[in-house]
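A short write-up of the structure that comes next.
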Amino acid sequence: MPQITFSPLDPAEIKTMIALAHRIWHAHYPTMISVQQIDYMLEHGYTSKLINEEMKQGVTWLAIKEGTTMIGFLAAGPYGDQTIKLHKLYLLPEYHSRGIGSLALAEVEKIAQATGAIRIVLNVNKNNQKAIRAYERSGWQITEEVVNDIGNGYVMDDYVMTINVPPTP
């Protein structure tokens with residue numbers, strides 16, 4: 001079985017990652033939000049221009065690969081004082097429940113440790129029970145409930161989850 005790796009997203013891979021995001025979101029989210037909201041969020045959150053801007057602003061984008069095939073991605077970056085925000089962590093559904101998400105969370109902890117952050121936060125849809133359980137198994141805790149207006153009549157109804165960054169070994 002090919003090894004799972006995490007590598008900085010190459011600008012040449014952005015189109016592949018955007019296509020992967022469309023595939024993952026349309027497989028995972030229709031039971032939680034409408035297809036129209038999925039399409040709206042993908043259209044506004046996954047553009048080459050936006051991703052390149054985020055990279056310039058210090059957001060780390062990593063491609064998750066099995067061998068040479070991208071199977072997922074994550075994005076994490078500065079979020080206030082001594083905090084990193086995990087903006088995105090997505091895997092193709094056929095790679096769920098294999099421990100890859102835990103490996104990805106360990107990569108986010110490394111990013112946080114490298115920047116001196118003491119906590120990591122993320123937002124997760126309140127109906128995304130599979131992800132919430134996975135985060136809780138990894139030690140994350142729900143610390144807040146938020147409803148964010150994202151335009152066009154859509155909202156993100158989320159939990160904010162937090163974990164303290166373990167000290168660098």
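This is a predicted model, so every value here is computed, not measured. Positions are given from 1, in the same order as the sequence printed here. Computation of the quantities below employed the complete heavy-atom set of this structure, encompassing side-chain atoms and omitting hydrogens, waters and symmetry-equivalent molecules.
Closest non-hydrogen pair, Gly58 versus Pro78, comes out as O-CD, 3.5 Å. When all heavy atoms of Asn125 and Ile132 are compared, the pair lying nearest together is O-CD1, 3.7 Å. Closest approach of Gly72 and Leu20 over heavy atoms only: N-CD2, 3.4 Å. Nearest heavy atom pair, residue Pro8 against residue Glu13, reads O-OE1, 4.0 Å. When every heavy atom of Val124 is checked against every heavy atom of Ala131, the shortest pair comes out as CG2-CB, 4.0 Å. Looking at every heavy atom in both residues, Gly101 comes nearest to Leu89 through O-CD2, 4.3 Å.
The cluster map of Ile, Leu, Val, Met, Phe, Trp and Tyr, joined by side-chain heavy atoms under 4.5 Å apart, puts Tyr79 and Trp140 in different clusters. Linking Ile, Leu, Val, Met, Phe, Trp and Tyr residues whenever their side-chain heavy atoms come within less than 4.5 Å places Met156 and Met32 in a single cluster. Val165 and Leu122 fall within a single hydrophobic cluster, where Ile, Leu, Val, Met, Phe, Trp and Tyr side chains are chained together by heavy-atom contacts under 4.5 Å. Criterion: ILVMFWY side-chain heavy atoms under 4.5 Å apart, direct or through other members. Under it, Ile150 and Leu42 are part of a common hydrophobic cluster.
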Tell me, with the steps shown, if His26 and Asp39 meet side chain to side chain donor-acceptor pair (under 3.5 Å). CA-CA 9 Å; His26 281 281; Asp39 291 338; 2.8 Å; yes
Would you please test Ile4 and Ile64 for side chain to side chain contact (heavy atoms under 4.5 Å, CB included) and show each step? CA-CA 7 Å; Ile4 301 299; Ile64 305 170; 4.0 Å; yes
Are Glu136 and Gln141 close enough, and set up right, to give a side chain to side chain contact (heavy atoms under 4.5 Å, CB included), and what steps lead you there? CA-CA 6 Å; Glu136 288 175 336; Gln141 295 181 345; over 6 Å; no
Report the C-alpha separation of Trp25 and Met41 in whole Å, then their side-chain angles, then the decisive distance to 0.1 Å, and conclude whether the side chain to side chain contact (heavy atoms under 4.5 Å, CB included) test is met. CA-CA 10 Å; Trp25 278 54; Met41 292 176 73; 3.6 Å; yes
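Taking 4.0 Å as the cut-off between side-chain N and carboxylate O, Lys110 and Glu107 count as a salt-bridged pair.
Looking at Leu62 and Phe73, their side chains never come closer than 4.5 Å, going by heavy atoms from C-beta outward. In this structure, the side chains of Met70 and Thr16 come closer than 4.5 Å at one or more pairs of heavy atoms. Contact annotation: the side chain of Ile38 approaches that of Pro30 to within less than 4.5 Å [non-hydrogen atoms, C-beta and beyond].
A donor-acceptor contact shorter than 3.5 Å is absent between the side chain of Asn152 and the backbone of Tyr154. Remark: side-chain polar atoms of His96 are paired, donor with acceptor, to backbone N or O of Leu91 under 3.5 angstrom. Between the side chain of Asp158 and the main chain of Val160, no donor-acceptor pair closer than 3.5 Å is present. Without hydrogens or angle criteria, Gln129 side chain to Lys126 main chain gives a donor-acceptor distance under 3.5 Å. A donor-acceptor pair is defined here as one N or O able to donate and one able to accept, closer than 3.5 Å; no such pair exists between the side chain of Gln37 and the backbone of Ser34. Looking at Gln113, its side chain does come within 3.5 Å of a backbone N or O of Pro166 through a donor-acceptor pair. Listed for the Thr115 side chain is a donor-acceptor partner under 3.5 Å among the backbone atoms of Ala112.
In this structure, the separation between CD1 on Ile111 and CD1 on Ile84 is 7.5 Å, given to the nearest 0.5 Å. Atom-to-atom distance recorded for Met17:CE and Leu9:CG is 5.5 Å, nearest 0.5 angstrom. In this structure, Ile71 CD1 and Tyr95 OH are separated by 5.5 Å, a value rounded to the nearest 0.5 Å. Here CG of Leu86 is found 11.0 Å from CD of Glu109. Values are rounded to the nearest 0.5 Å. To the nearest 0.5 Å, atoms CD1 (Ile18) and CG (Leu50) are separated by 9.0 Å.
Checking Thr83 against Arg119 by side-chain atom types alone, a donor-acceptor pair falls below 3.5 Å. If you check the side chains of Glu144 and Tyr159, you find no donor sitting under 3.5 Å from an acceptor. His87 and Asn123 share no donor-acceptor pair across their side chains, judged by distance under 3.5 Å alone.
Within the structure, side chain to side chain donor-acceptor pair (under 3.5 Å) contacts touching residues 42-57 (residues at least two apart or in different chains) are Glu54-Trp61.
Across Ile163, Leu105, Thr162, a single residue satisfies side-chain contact (heavy atoms from CB on, under 4.5 Å) together with Ile120, and that is Ile163.
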